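Chain naming here is simple, since letters A, B, ... match the order of the sequence lines and numbering starts at 1 in each. All of these numbers come straight from a predicted model, not from anything done at the bench.
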Amino acid sequence: MKLITAIIRPERLPEVKNALFRIGVTGLSVHGIRGHGGEPEIIEYVRGQRIVVDFTEKVALRIAVSEPFVEPTITAILTAARTGNVGDGKIFVQPLERVIRIRTGEENEAAL
Amino acid sequence: MKLITAIIRPERLPEVKNALFRIGVTGLSVHGIRGHGGEPEIIEYVRGQRIVVDFTEKVALRIAVSEPFVEPTITAILTAARTGNVGDGKIFVQPLERVIRIRTGEENEAAL
Amino acid sequence: MKLITAIIRPERLPEVKNALFRIGVTGLSVHGIRGHGGEPEIIEYVRGQRIVVDFTEKVALRIAVSEPFVEPTITAILTAARTGNVGDGKIFVQPLERVIRIRTGEENEAAL
Ligand SMILES: Nc1ncnc2c1ncn2[C@@H]1O[C@H](COP(=O)(O)OP(=O)(O)OP(=O)(O)O)[C@@H](O)[C@H]1O
Ligand SMILES: Nc1ncnc2c1ncn2[C@@H]1O[C@H](COP(=O)(O)OP(=O)(O)OP(=O)(O)O)[C@@H](O)[C@H]1O
Ligand SMILES: Nc1ncnc2c1ncn2[C@@H]1O[C@H](COP(=O)(O)OP(=O)(O)OP(=O)(O)O)[C@@H](O)[C@H]1O
Ligand SMILES: [Mg+2]
Ligand SMILES: [Mg+2]
Ligand SMILES: [Mg+2]
C-alpha cells in the first residue's frame with residue numbers, strides 16, 4: 001500500500017476528483033495549503049507598496065491505495081491536474097504499513 | 001516509531017483526545033479536512049436544485065508514537081471514534097525515521 | 001529522499017522560511033494545525049468560568065528534500081524555530097519513495 005499526496009491547483013480539484021472516481025479510486029482526503037514551488041520571489045506593487053508574494057494557494061489530496069492502483073492513480077492525477085504552466089504541483093509517494101477501517105476493524109486491502 | 005494518522009468525525013474529537021490522554025499519549029496535531037470515503041454520490045435537492053455532495057467534513061489527527069504505544073493508540077482511537085455507521089473514518093500507520101524536539105534538540109524516543 | 005514535517009510556532013514561519021531559502025530549499029507546503037505537545041492541561045479562567053485550553057495554534061511545514069539537503073534543512077529549522085520555551089515544536093522525518101513534477105513528468109531528484 002502507498003500513501004499518495006498530490007499538491008494541485010485548487011481549480012483543478014473537480015477534474016482530478018472525477019479522474020480518480022473514473023478509475024475506481026473514491027477514498028481520499030483534501031485540505032487547503034499554501035505552498036512555494038521553487039519560483040523566484042514574486043514582487044507585486046500595491047499602491048506603490050512593494051509586496052513579496054511568498055505563498056500561493058494550493059490543495060493537498062491524500063489518497064491511500066493498494067499496489068495495483070498506484071500507477072493508475074498517478075496517471076489520472078498527472079492528466080487531470082496538468083495545465084503546462086509552472087506551478088502545476090507535485091506528487092509524493094510514501095510507504096503505508098497499515099490501514100484500518102474504524103467502523104468494522106477491517107485492515108489493509110480489505111479496508112481500502 | 002510510527003506516524004499514525006486518524007481521519008475521524010469532527011464530533012468525536014473530544015472523546016478520541018480523552019481516550020489518548022488516558023493512555024498517556026498527549027502529543028498530537030489536528031486539522032480539518034474534507035473527505036470522501038467510498039460512498040456512492042449523495043444527491044441533495046435544495047429548492048429543486050440537484051446538488052452532488054462530494055465531500056464531508058472530517059478531522060485528521062496525526063500522532064507520532066514509539067513502538068509500545070502503537071497498539072494502545074490504535075485501540076483507543078477505534079473505541080472512541082466508532083459509531084457503527086458508515087463514515088466513521090480510517091487509521092493509517094506510516095514509518096517514522098526520526099523525531100526531534102526543537103527546544104532541546106533531543107531525538108527519537110527522548111523526543112516523544 | 002525524505003519528507004520532513006516541522007510543527008512550529010506560527011510567528012516563526014517567516015524566519016524559518018528565510019532560513020530554508022538561504023540554504024536553497026524553496027519547495028515547501030504550509031498549513032495551520034492545532035496541536036497538543038505533552039504539557040499538562042492549561043486551565044484559564046474567563047469571567048470566573050473554568051476553561052480547559054486543549055490545543056494551541058501551530059503551523060505545519062512539509063518539505064520534500066533529497067538526501068544531501070536533509071541535515072541542512074533540519075539545522076535551518078532548529079535554529080530559526082527555537083525560542084527556548086516549551087512549545088517550540090517538533091521535526092518528523094519520513095521516507096519518501098517517489099516525487100513527480102506534474103508539469104513535466106520529471107521524477108525524483110530531477111523533480112525536487
Ligand atoms: N519540495 C517540496 N516539498 C514540499 N512541497 C512542495 C515541494 N515543491 C513543491 N511543493 C508544493 O507544490 C506546490 C506546487 O509546486 P510547483 O508546481 O511550483 O513545483 P515546481 O517544482 O516549482 O514545478 P514548476 O516548475 O512546474 O513550477 C508548491 O506550492 C508547494 O505547495
Ligand atoms: N483511501 C483513502 N485515502 C485517503 N483518505 C481516505 C481513504 N478512505 C477514506 N479516507 C478518509 O476517511 C474519511 C472517512 O472514510 P469512511 O469512514 O467513509 O471510509 P470507508 O472505507 O468508506 O468506511 P465506511 O464503509 O465505514 O464508510 C473520508 O472522508 C476520507 O477523508
Ligand atoms: N507526538 C506527537 N505527534 C504529533 N504531533 C506532535 C507530537 N508532539 C508534539 N506535536 C506537535 O508539535 C506541537 C508542539 O509540541 P511541543 O513543542 O509542545 O512538543 P514537546 O515535546 O511538548 O516539547 P516542549 O517540552 O518543548 O514543549 C504540538 O502542538 C503538536 O502539534
Ligand atoms: Mg514552481
Ligand atoms: Mg464511507
Ligand atoms: Mg510541549
Side-chain angles (χ1 to χ4, degrees), chain A residues 1-8 10-35 57-66 69 73 76-77 80 92-112, chain B residues 1-13 15-16 19 29-42 52-62 65 67 70-71 73-97:
Chain A
M1 296 176 296
K2 302 293 178 200
L3 186 69
I4 299 176
T5 301
I7 313 287
I8 62 166
E11 62 268 27
R12 285 281 153 174
L13 180 58
E15 283 87 348
V16 172
K17 195 214 66 173
N18 289 338
L20 291 170
F21 275 42
R22 268 197 299 274
I23 59 162
V25 171
T26 57
L28 49 94
S29 299
V30 176
H31 67 280
I33 61 145
R34 290 172 298 145
E57 305 286 325
K58 300 282 174 188
V59 157
L61 255 108
R62 313 197 85 209
I63 314 157
V65 291
S66 59
F69 280 92
T73 298
I77 298 168
F92 303 110
V93 182
Q94 292 182 274
L96 180 58
E97 293 180 355
R98 206 168 147 193
V99 177
I100 307 161
R101 175 174 285 123
I102 292 175
R103 178 173 57 88
T104 58
E106 287 164 295
E107 295 219 4
N108 301 336
E109 315 295 316
L112 282 173
Chain B
M1 297 177 295
K2 302 292 180 202
L3 186 70
I4 299 175
T5 302
I7 312 288
I8 61 167
R9 298 180 190 277
E11 61 268 29
R12 285 280 154 173
L13 181 59
E15 284 87 348
V16 172
S29 299
V30 177
H31 68 280
I33 60 144
R34 290 173 297 145
H36 198 278
E39 55 278 87
E41 271 176 1
I42 304 163
V52 180
V53 180
D54 275 303
F55 292 113
T56 56
E57 304 287 324
K58 301 281 174 188
V59 157
L61 255 108
R62 312 198 87 210
V65 292
E67 299 296 337
V70 173
E71 289 306 321
T73 297
I74 290 172
T75 304
I77 297 167
L78 282 178
T79 310
R82 189 179 285 162
T83 69
N85 300 316
V86 296
D88 275 351
K90 279 201 176 126
I91 301 174
F92 302 109
V93 182
Q94 291 182 274
L96 181 58
E97 292 180 354

Discussion item. Applying side-chain hydrogen bond (donor to acceptor under 3.5 Å, both in side chains), can you list everything that pairs with A:Glu109, at least two apart in sequence or on another chain?
Written reply: none

Response to the item:
Nearest heavy-atom approach of A:Arg101 to A:Ala110 is NH1-O, 3.0 Å

Practice prompt. Using the side-chain contact (heavy atoms from CB on, under 4.5 Å) rule, take A:Ile77 and A:Leu61 through it: C-alpha gap first, then chi angles, then the decisive distance, then the call.
Written response: CA-CA 10 Å; A:Ile77 298 168; A:Leu61 255 108; 5.8 Å; no

Discussion item. Between A:His31, A:Gln94, A:Glu97, who has the most heavy-atom pairs with chain B when the cutoff is under 4.5 Å?
Written reply: A:Glu97

Worksheet item: Given the options A:Val30, A:Leu96, A:Thr104, A:Val99, which has more heavy-atom pairs under 4.5 Å with chain B than any of the others?
Response: A:Val30

Worksheet item: What are the residues of residues 1-13 of chain B, in order of number, with any heavy atom under 4.5 angstrom from a heavy atom of chain A?
Response: B:Lys2, B:Ile7, B:Ile8

Worksheet item: Hey, what do you get for CG (A:Leu112) to CD1 (A:Ile63), rounding to the nearest 0.5 Å?
Response: 12.0 Å

Discussion item. Apply salt bridge (charged side-chain N to carboxylate O under 4.0 Å, His left out) to residues B:Glu57 and B:Arg34 and explain how you reach the verdict.
Written reply: CA-CA 5 Å; B:Glu57 304 287 324; B:Arg34 290 173 297 145; 5.4 Å; no

Worksheet item: Do B:His36 side-chain atoms and B:Phe55 backbone N/O form a donor-acceptor pair below 3.5 Å?
Response: no

Worksheet entry | Side-chain (B:Asp88) to main-chain (B:Thr83) donor-acceptor, under 3.5 angstrom | yes

